[in-house]
Protein chains: 2
Amino acid sequence: MAITLKDVALRAGVSRSAVSRTFTEGASVSDATRKKVRKAASELGYRPNALASSLTTGRTKLIGLVSDNFRNPIFLEVFDLFTRGLQERGLRPLLVNLSEQKDPGQSLQMLQTYSVDAVIVASSTLPPSFAEAFRDAGVPVVNSFGRHTTSPNVHVVGIDNVECGRMAARSLIDHGYRKLAFLGGPKEATSTQDRLAGFLEIVRATSGVSQTHSFAAQYSFEAGFAEMQNCITNGPAEAYFCGDDVLSIGALSAAQAAGLTVPDQLGIIGLNDMEMAGWTNIALTTIHQPIRQIITSSIELVTAMLNDPTRYPEARLFPCHVVERGTLRPI
Amino acid sequence: MAITLKDVALRAGVSRSAVSRTFTEGASVSDATRKKVRKAASELGYRPNALASSLTTGRTKLIGLVSDNFRNPIFLEVFDLFTRGLQERGLRPLLVNLSEQKDPGQSLQMLQTYSVDAVIVASSTLPPSFAEAFRDAGVPVVNSFGRHTTSPNVHVVGIDNVECGRMAARSLIDHGYRKLAFLGGPKEATSTQDRLAGFLEIVRATSGVSQTHSFAAQYSFEAGFAEMQNCITNGPAEAYFCGDDVLSIGALSAAQAAGLTVPDQLGIIGLNDMEMAGWTNIALTTIHQPIRQIITSSIELVTAMLNDPTRYPEARLFPCHVVERGTLRPI
DNA sequence: CAACGTATTGCAACCGGTTGCAGTGTGTTC
DNA sequence: GAACACACTGCAACCGGTTGCAATACGTTG
């Protein structure tokens with residue numbers, strides 16, 4: 001069995017309280033006893049039990065990290081940054097993979113069972129109601145990469161997807177394309193709808209420019225490939241704004257397979273600027289999403305909520321910008 | 001405050017024990033009380049506190065999942081499969097990102113503090129001593145993707161890296177290349193050393209075949225790109241066995257950038273068969289590592305150790321095979 | 001030297017469950 | 001109808017810590 005408070009207390013010749021206090025910041029203990037306790041503890045190899053202490057303090061330092069897409073390469077960066085950021089602050093990520101179960105009920109219940117201090121919902125495809133279910137249950141929650149609404153019910157950190165849609169349309173037009181298309185992510189995702197709205201806004205406001213749009217079943221290479229094949233058989237547009245980078249690469253691949261040259265016969269612009277978009281044999285022109293800032297900010301919000309769980313919900317939006325690489329022809 | 005046992009007991013008009021027992025499998029409770037308790041519990045929205053119960057049962061169902069490379073795309077699949085597999089068995093992954101801290105001490109201490117039931121070390125680059133530190137501390141551990149030694153001190157699930165080295169060399173030779181090279185991962189990683197050993201074994205046993213070898217600083221696109229540039233300036237070999245797929249893609253990219261045509265002027269074979277190796281605009285010939293089986297098996301071992309923590313350590317190896325795509329010229 | 005303020009300390013109750021044990025009630029058996 | 005086995009049930013102690021409170025110790029002050 002593991003070493004407990006009692007063992008250390010016995011060895012140091014003090015009470016259990018004294019031991020507990022030497023290990024809690026700011027408690028009243030004399031240097032003499034603190035020293036005795038430290039010595040006994042290290043001799044025995046004592047490790048305080050965080051779970052036991054959470055019982056009285058009400059804090060576990062466990063943060064639920066839930067996501068619904070473990071196959072999109074963008075999540076490599078997301079997980080890396082989240083885990084590091086949380087670790088730096090002494091918080092522990094408890095991972096939840098939503099791949100099948102899109103209903104919040106089950107994960108909510110599980111995360112409550114483990115008394116997580118807060119939950120981060122990292123997804124651009126889950127409906128706002130998902131994160132809200134956590135809030136309704138009294139669990140502090142941040143929705144990273146979520147939709148910005150005018151009256152958010154939960155903290156949201158992300159980008160302005162409507163503006164991204166505009167940005168993409170403008171960029172395609174600036175590069176001389178006229179027959180545009182939006183090859184979106186899942187139709188029901190709010191991010192998809194917002195991007196489409198922005199895209200349409202610019203297209204409709206620009207004379208001589210037309211558009212079509214369609215949606216991929218999910219954010220994956222295969223879905224992008226398949227949907228681009230569809231588009232090609234229906235008569236391809238000149239340039240595509242794809243829902244994200246992994247979709248773009250699938251689409252790119254389908255275009256090449258069909259013998260279309262990129263960027264001359266067909267232009268593509270993605271969204272995310274994930275690491276491999278910059279790989280020289282991919283060289284995808286894309287809209288950069290400031291992942292690092294979004295995650296840093298999300299973690300800031302989480303820690304802020306730890307101190308004030310009822311903190312008034314806010315939306316934090318970060319600007320995006322186009323990164324020119326090789327999939328749009330030169331202006 | 002959350003609903004506790006006591007609240008439910010009060011409402012149902014029974015003792016706390018009765019409530020506790022209705023929520024534990026196989027405990028002795030009559031149907032009548034069970035029903036009363038269930039009713040009261042659901043009316044109040046009671047959620048048992050897993051952490052509190054862990055105090056007496058000694059089980060948290062928390063599994064530490066530690067890894068040192070969150071940037072290699074292969075880990076997308078790894079995390080997806082691990083989290084799903086663990087969830088299916090009612091276990092919870094507590095993620096540890098080792099990106100900076102390669103010393104087991106700190107993560108060990110943290111995971112002990114959270115009383116994890118077991119730890120999975122998912123890495124082909126950490127030394128065996130890393131996983132052993134957990135075992136020495138009495139924490140059940142499985143080293144996934146670790147090195148198979150003749151007398152393992154901890155459970156290891158992975159592949160035979162020496163055999164992979166042989167397989168790669170044979171494959172390159174079969175495809176008609178004669179001037180071979182190994183562009184390995186980190187030099188100090190046991191997997192790198194083993195793969196090199198197998199590679200050399202075949203090269204030396206085959207007349208008319210020569211080899212050189214060098215190492216990338218880490219498993220990343222950039223490192224592969226940089227090391228291939230080095231190789232090219234030093235006079236490139238005809239074909240390369242790269243330490244893994246992401247390295248291969250970096251190398252591929254550098255070769256193309258230098259104007260070398262693949263697979264004619266330069267052949268490349270990778271290792272892992274990660275998802276994007278199959279993307280049609282990459283089409284990497286590579287050695288398939290059966291990730292799914294390795295992870296399933298690792299989880300099996302973990303659950304077995306939950307019941308028998310002193311289970312005799314074993315090594316489980318899974319066979320690999322070459323997946324022919326476009327980066328070796330036809331035989 | 002007595003009175004007093006402050007810093008330490010230990011006691012004991014509590015956090016939310018679990019579980020050994022003894023007591024109760026029911027149904028069986030003869 | 002008495003003896004007995006067995007299924008339930010609640011009590012109380014315990015898991016490993018934390019913390020309010022009262023007791024003690026100590027150095028100061030007048």
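Every chain is numbered from 1 and lettered A, B, ... according to where its sequence line falls, protein lines coming before strand lines. Note that the structure is predicted; figures quoted are calculated from it, not measured.
One atom, NZ of A:K6, and another, P of C:dC11, lie 13 Å apart when rounded to the nearest Å. As rounded to whole Å, 16 Å separates atom C1' of D:dT19 from atom CZ of A:R59. Rounded to an integer number of Å, the gap from B:D7 CG to C:dC15 P is 10 Å. We find that CD of B:Q112 is positioned 14 Å from P of D:dG16, with the value rounded to whole Å. Per the geometry, CG belonging to A:L5 stands 4 Å off P belonging to D:dG17, to the nearest Å. Per the geometry, CG belonging to A:D31 stands 13 Å off P belonging to C:dA7, to the nearest Å. If you measure from atom CD1 of A:I3 to atom P of D:dG16, you get 11 Å, rounded to the nearest angstrom.
Under the 3.5 Å distance criterion, the side-chain polar atoms of B:R11 are left unmatched by any main-chain donor or acceptor of B:E43. A distance-only check finds a donor-acceptor pair linking the side chain of B:T113 to the backbone of B:Q109 [under 3.5 Å]. The backbone N or O of B:A52 lies less than 3.5 Å from a partner atom in the side chain of B:N49, making a donor-acceptor pair. A donor-acceptor pair is defined here as one N or O able to donate and one able to accept, closer than 3.5 Å; no such pair exists between the side chain of A:Q293 and the backbone of A:F318.
Taking the six-membered ring where tryptophan is involved, the planes of A:F79 and B:F79 are perpendicular, since the angle between them exceeds 60° and thus also 30°.
Contact between A:P93 and A:L65 at its shortest, heavy atoms only, is CB-CD2, 4.4 Å.
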Nucleotide N/O of nucleotides 10-14 of chain D paired with protein N/O under 3.5 Å:
unit_1	atom_1	unit_2	atom_2	d
D:dG10	OP2	B:S15	N	3.0
D:dG10	OP2	B:S15	OG	3.0
D:dG10	N7	B:R21	NH2	2.7
D:dG10	O6	B:R21	NH2	2.8
D:dC11	N4	B:S17	OG	2.8

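At a threshold of 4.0 angstrom between heavy atoms, the contacts of B:V29 are confined to the sugar-phosphate backbone, with no base atom among them.
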Are A:R316 and A:S297 close enough, and set up right, to give a side chain to side chain donor-acceptor pair (under 3.5 Å), and what steps lead you there?
-> CA-CA 8 Å; A:R316 295 185 176 186; A:S297 185; 2.8 Å; yes

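Within the 4.0 Å cut-off from OP1 or OP2 of D:dT18, at least one side-chain nitrogen or oxygen of A:S20 is found. Between D:dC15 and A:T4, no contact under 4.0 Å exists linking OP1 or OP2 to a side-chain N or O.
Residue A:S53 places its side chain closer to D:dT18 than to any other of C:dT9, C:dT18, D:dT18.
With the nearest nucleotide of DNA chain D identified for both A:V19 and B:S30, B:S30 has the one nearer the 5' end.
Near DNA chain C, defined here as any heavy-atom distance below 4.0 Å, there are no residues from residues 34-52 of chain A.
Distance check: B:T60 OG1 to B:Y114 OH gives 12.0 Å after rounding to the nearest 0.5 Å.
Ionic pairing of B:D80 and B:R84 is present here: one or more N-O contacts between side-chain nitrogen and carboxylate oxygen are shorter than 4.0 angstrom.
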